[in-house]
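Presented below is the structure to which this report refers.
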There are 2 protein chains.
Amino acid sequence: MVGQVRDQVLHEATRLLARHGFEGTSLQAVADAVGVKKPSVLYHFKSKEDLRQAVLDSLLSRWSEVVPRLLMASTRTGLAKFEAVIGELVGFFADDPDRARILVRELLDRPEQMQEILQRQVRPWVEVVAEYIREGQRTGTVRPDVDPEPYVLHVVSMALFSLATTPAASPLFEGGGRGPVERTVGELVRLAKAALFVDGYVRHQDDKRARQGGAGR
Amino acid sequence: MVGQVRDQVLHEATRLLARHGFEGTSLQAVADAVGVKKPSVLYHFKSKEDLRQAVLDSLLSRWSEVVPRLLMASTRTGLAKFEAVIGELVGFFADDPDRARILVRELLDRPEQMQEILQRQVRPWVEVVAEYIREGQRTGTVRPDVDPEPYVLHVVSMALFSLATTPAASPLFEGGGRGPVERTVGELVRLAKAALFVDGYVRHQDDKRARQGGAGR
DNA sequence: CCTACCGATCGGTAGG
DNA sequence: CCTACCGATCGGTAGG
């Protein structure tokens, strides 16, 4: 199959870069993980920097697959839209925490280059979600003092950071019945929701759902 | 002066480790930054790992100086206590964002070792703040559905991450009158406050302050 | 705190 | 995709 080794290199490089960072990952280590020799890695990616960029591009293109589902959430309103958006966000990093780890590392290692990349790849949908929030402020369901763009970035930060540092942050508290990750994500969603909607709105919606037979999850 | 070079090494190492990470920082680079030769660095710190640990210990001991001020906030109540605690937290990382960068990097590079360190150095005051929150839940000023430990960790995450990635995350939105950092911190405080206190409590307190002549900052 | 030096490993290339 | 090889740099040591 064409590109099979290339895909394996990309996969193992993602894993190693997430765990040990760019400077902490040698091309030899990537080659060993795949089961080829080092020059074969450099046949598929002309330099180590090239491989780094390919890993990042692959990650961002996966995120691009999620975005349309965020935009489709336009048909929903209020709380349902919120839950759709935050579900996609948390799910993306929960599906593979290495995504969160690589993004955090790149943000620290190359802040200037990441500025451009975020501006192109992230800002558009931040603006879309910020516009949802402003719409909610006009209709009165969202708190008027929410500052939409920083709000969105803080919610993303919590998801990104919580999942990137799993399980390092876990032993800072002992779980009840649920595991630490579930408890962390649960509180993240509660926190984001309580800070966004006006008093009584969420409770009102919950009551409505209960009357309708508890369709919400 | 005794230990002057040692202190310079510690200072430059902190700067370089924050910017480039452990694997991305050579002992030669540290020596050059201080203006000594490489073996002199290894005279003060017997290995590169030793230097890393000294940098981390120095950072944590600075945090230990802040903690008593958090505990002293016990005398205050409700909103004033919240503002004292979050002010110390944000101030610590805002004073030197390299602190945030090093903590994030160490969390990614050595999750297991950091677990033990956090358990010893961070968990105690997380528990204290969590107890403040439970107290507020008993007296009815804090929302009953707040999960105290994950709440505290998420607020810490936002402060840590926002300041670690300054200014990389800035161009994701254009500021109003204020700069992006002020806007980010302002929304962080608003978000944390709105997600913590029960409906009406904050507004009630603000009204009281206004009547008393606007003493709040 | 310095000079001189060590073996190991780094990213990358030539050539097949 | 491999063998063989390159100069540069790595963390660390001996000895003063």
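No hydrogens, no waters, no symmetry mates; every other heavy atom, side chains included, goes into these values. Treat the numbers as computed from the prediction; the structure is a model and nothing was measured. Throughout, a chain's letter reflects where its sequence line sits, starting with A, and its residues are numbered from 1.
- Rounded to an integer number of Å, the gap from CD of B:Glu49 to C1' of D:dG12 is 13 Å.
- Residue side chain A:Lys46 does not reach the base of C:dG12 through any donor-acceptor N/O pair under 3.5 Å, judged by distance alone.
- We find that CD of A:Glu23 is positioned 19 Å from P of D:dA8, with the value rounded to whole Å.
- Put simply, the side chain of A:Lys48 does not reach to within 4.5 Å of the side chain of A:Leu42, judged on heavy atoms.
- Of the candidate nucleotides C:dG12, D:dG11, D:dT3, D:dT3 has the atom nearest to the side chain of A:Lys37.
- Counting any heavy atom pair closer than 4.0 Å across all strands shown, A:Leu42 reaches a base atom.
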In dot-bracket form, how is DNA chain D paired, counting a Watson-Crick or G-U wobble pair only if both its distances are under 3.5 Å and using | for bases paired to another strand? ||||||||||||||||
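- Between D:dC10, C:dC2, D:dC1, one nucleotide has an atom nearer to the side chain of B:Val36 than all others, and that is C:dC2.
- When rounded to the nearest whole Å, the span between CD of B:Gln28 and C1' of C:dC1 equals 14 Å.
- For B:Arg134 and B:Glu149, the salt-bridge test passes: some basic side-chain N is under 4.0 Å from an acidic carboxylate O.
- Per the geometry, CZ belonging to B:Phe45 stands 16 Å off P belonging to D:dT13, to the nearest Å.
- Between A:Arg110 and A:Glu116 there is no salt bridge, since none of the side-chain N atoms of the basic residue sits less than 4.0 Å from a carboxylate O of the acidic one.
- If A:His44 and A:Lys38 are placed on DNA chain D by their nearest nucleotide, the residue sitting closer to the 5' end is A:His44.
- The pair A:Arg138-A:Glu135 fails the salt-bridge criterion, with no side-chain N (NZ, NE, NH1 or NH2) lying under 4.0 Å from an Asp/Glu carboxylate O.
- One can place CG of B:Leu27 at 17 Å from P of C:dC10, the figure rounded to the nearest angstrom.
- Between B:Lys38 and B:Asp32 there is no salt bridge, since no side-chain nitrogen of the basic residue lies less than 4.0 Å from a carboxylate oxygen of the acidic one.
- Considering only the side chain of A:Tyr43, D:dC1 comes nearest among D:dC10, D:dC1, C:dC10.
- In this model, the phosphate group of D:dT9 is not approached by any side-chain N or O of B:Ser26 to a distance below 4.0 Å at OP1 or OP2.
- Annotation: of the two residues near DNA chain C, B:Pro39 and A:Ala29, the 5′-most nearest-nucleotide partner is B:Pro39.
- Between the CZ atom of A:Arg52 and the C1' atom of C:dG11 there is a distance of 14 Å, rounded to whole Å.
- When ring centroids are compared, A:Phe197 and A:Phe82 come within the 6.0 Å threshold.
- Checking A:Arg101, A:Arg52, A:Gln53, A:Gln113 one by one against A:Glu106, the side chain to side chain donor-acceptor pair (under 3.5 Å) holds for a single residue, A:Arg52.
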